[in-house]
Amino acid sequence: MSDAELVLRSTRVITPEGTRAASVAVTAGTITAVLPYDAPLPEGARLEDLGDHVLLPGLVDTHVHVNDPGRTEWEGFWTATRAAAAGGITTLVDMPLNSIPPTTTVEHLRTKRRVAADKAHIDVGFWGGALPDNVRDLRPLHEAGVFGFKAFLSPSGVEEFPHLERGPLARAMAEIAAFDGLLIVHAEDPHRLSSAPRRSGPRYADFLASRPRDAEDTAIDRLIREARALDARVHVLHLSSGDALPLIAEAKADGVRLTVETCPHYLTLTAEEVPDGASEFKCCPPIREAANQDLLWQALADGTIDCVVTDHSPSTADLKTDDFATAWGGISGLQLSLAAVWTEARRRGHGLQDVVRWMSSRTAQLVGLDPLKGAIAPGRDADFAVLAPDETFTVDPAALQHRNHVTAYAGRTLYGVVKSTWLRGQRIVADGEFTEPKGRLLTRRP
Ligand SMILES: [Zn+2]
């Protein structure tokens, strides 16, 4: 065996070539070799025998709202990264909005990095934001290391992050395409939204009717046309409408540089089961019907949808009122995303290998971190989650690590218990016990 400080041995290691019994050698935080299960231990190496627990690459979650600084009563780097670590996530990329300031200038990025620096239990990167008035800030932000730029096509929910109408969207896209950056988009058409029936109150059916599939489909259609014209790289955030899938599949087949994500809540929760008044289930676009969910799973299976990310977007509990029209829209699922997706995936006949592809490999690729993250392979960071896939637990919101103990998954019984999480060869959480923060702040690789 090659030199190693640490060897993790499991009968089930998820590698790019498949799941097998293996010994994973680690030196100085990097995977140096994936060896046969019974390879002799190098002298001085410490053995971590995981038995039948599954060793998978740490998840890379590219859609998290940490809200720090500015709305730290909603969430923060300390609590969010602990929740992520407890759920098997070893890298997150923070969304540019809901913090104050938003990440829309280099100075604001510096502020965010300063705040995150000593609180990050896992690795943290940053998205920038594209606003109607910051086109000139985009290239400097790109050079300062943001992974891409988020834009809204409809109102974002916070006044400091206005959405882009047609002209500003085209200008931002052209500027980002000029340095071959990535534009990530909240795609709901504001005009379709404002012409949808709107009724306030606790009925989920009314809320669902106010955010129709058609609003997503129209916005995505427009986005595809712009991306095609500029040969721009565009990523559709949190796809919920299954009706947009043929459009997406066709664009991809045509060579449009388009990627698409969806979220655990669209894959595991359905409109039919949301109780009236239960705004912990409110997010935009909304959780839709069971038949729509089947389309999303089919699209994950055939590759039309690339990846699954949490879109963890918490607020304080008092903003989750029983009026769906005015309650804060956002679902808290950071710690539960792996278990939630795995529970439904296994029911539908998918393996953990698929879950790893959707939640680690493809997300690492999306942000260009795939030389370091997203796989158990030599040369990658020794970031792991150790999972007991057949063990279950029942979600107790009070036991979760994120700041406000509200979640749409309360009371659900899920498969997949994360036994420990490792960052660059160091165990950062095991059985609810955390080390001091060891995360690094990441920048886009040139
Ligand atoms: Zn979001």
Side-chain angles (χ1 to χ4, degrees), residues 59-68 70-71 74-77 80 83-84 89 91-100 102-104 112 124-131 146-164 182-188 190 193 211 215-216 219-220 223 234-241 259-267 269 279-288 296 305-315 319-320 327-337 340 359 363 366-367 402-404 406-408:
L59 304 189
V60 177
D61 190 345
T62 53
H63 193 152
V64 180
H65 296 266
V66 180
N67 308 335
D68 194 3
R71 287 195 178 89
W74 291 13
E75 191 59 283
F77 283 103
I89 297 164
T91 302
L92 72 77
V93 187
D94 175 52
M95 278 292 161
L97 75 158
N98 301 349
S99 61
I100 301 172
T103 318
T104 48
K112 299 264 299 183
V124 172
F126 297 89
W127 295 107
L131 303 183
V146 299
F147 287 91
F149 298 90
K150 180 173 195 180
F152 278 76
L153 302 189
S154 55
S156 74
V158 293
E159 63 178 16
E160 69 277 4
F161 205 97
H163 70 281
L164 302 185
L182 177 64
L183 178 66
I184 63 172
V185 181
H186 180 121
E188 286 183 289
L193 290 179
R211 317 274 320 193
E216 283 188 74
I220 290 167
L223 202 59
V234 171
H235 178 73
V236 174
L237 297 164
H238 46 51
L239 179 76
S240 170
S241 168
T259 49
V260 180
E261 69 183 34
T262 190
C263 306
H265 37 276
Y266 303 129
L267 295 169
L269 308 173
S279 70
E280 64 270 28
F281 290 84
K282 178 182 173 181
C283 58
C284 299
I287 294 165
R288 303 190 190 278
L296 298 179
I305 296 177
D306 298 275
C307 53
V308 180
V309 297
T310 62
D311 193 9
H312 177 75
S313 184
S315 70
L319 299 181
K320 287 296 207 180
W328 174 253
I331 288 187
S332 299
L334 197 50
Q335 191 172 335
L336 302 169
S337 59
M359 303 185 77
T363 46
L366 175 70
V367 291
H402 66 262
R403 179 153 296 162
N404 292 281
V406 174
T407 177

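Remember, it's 1-based here, ligands and their atoms both numbered in the order they're listed. Only a predicted model underlies this, so the values are computations on that prediction, with no experimental measurement involved. Heavy-atom basis, side chains included; hydrogens, waters and symmetry copies ignored.
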**Q.** Asp311 side chain to His65 side chain, donor-acceptor N/O pair below 3.5 angstrom
**A.** yes
Q: Would you please classify the geometry between the Phe77 ring and the Phe126 ring as parallel, tilted or perpendicular, with 30° and 60° separating the classes?
A: perpendicular
Q | Phe152/His163 aromatic ring centres below 6.0 Å | A | no
Q | CA sep, side-chain torsions, deciding dist, call: His63, Glu261, side-chain hydrogen bond (donor to acceptor under 3.5 Å, both in side chains) | A | CA-CA 9 Å; His63 193 152; Glu261 69 183 34; 2.7 Å; yes
Q. When you check the space around the Zn ion (ligand 1), which protein N, O or S atoms turn up under 2.8 Å?
A. His63 NE2, His65 NE2, Asp311 OD1
**Q.** Qualifying residue, where the test is side chain to side chain donor-acceptor pair (under 3.5 Å) with His312 and the options are Glu75, His402, Gln335
**A.** Glu75
Q) Quick one: does Thr262's side chain have a donor or acceptor within less than 3.5 Å of a partner on Leu239's backbone? A) yes
